[in-house]
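Small disclaimer: the values here were computed from a predicted structure and weren't measured.
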Amino acid sequence: MWRRRRLPNGELGPLEKVGSIPTTEEQVAELGMQLTLEKLSNIQKDAIINGLGAQVAQMKLEIMAMKGGAS
């Protein structure tokens, strides 16, 4: 967006750029960064889920061994 400030003598001054709109390249780069962060977050989540699943399986094996050993 562009604007002109009024000069002390009442005339309009030169055009000045106000704010900035990201270019398409900047928007794509930002979205790429966000996508990368989301993928990393999902990888971490999957690793946690897999680790918990392994712990549950191990506990089930231990319970089965305890039940089998008590009989």
Can you measure from [atom1] ([X]) to [atom2] ([Y]) and round to the nearest 0.5 angstrom?
{"X": "Leu15", "Y": "Arg3", "atom1": "CG", "atom2": "CZ", "answer": "11.0 Å"}
{"X": "Gln44", "Y": "Ile49", "atom1": "CD", "atom2": "CD1", "answer": "12.0 Å"}
{"X": "Glu62", "Y": "Met66", "atom1": "CD", "atom2": "CE", "answer": "8.0 Å"}

Checking Glu38 now: which residues fulfil side-chain hydrogen bond (donor to acceptor under 3.5 Å, both in side chains) with it, not counting sequence neighbours?
none
Has the side chain of Arg4 got a donor or acceptor atom that lies under 3.5 Å from a matching backbone atom of Pro14?
no
Taking only distance into account, with no hydrogens and no angle test, what donor-acceptor pairs under 3.5 Å do side-chain atoms of residues 18-37 form with protein atoms, sequence neighbours excluded?
residue, atom, partner, partner atom, Å
Thr23, OG1, Glu26, N, 3.1
Glu26, OE1, Thr23, N, 2.9
Glu30, OE2, Gln34, NE2, 3.3
Thr36, OG1, Gly32, O, 2.9

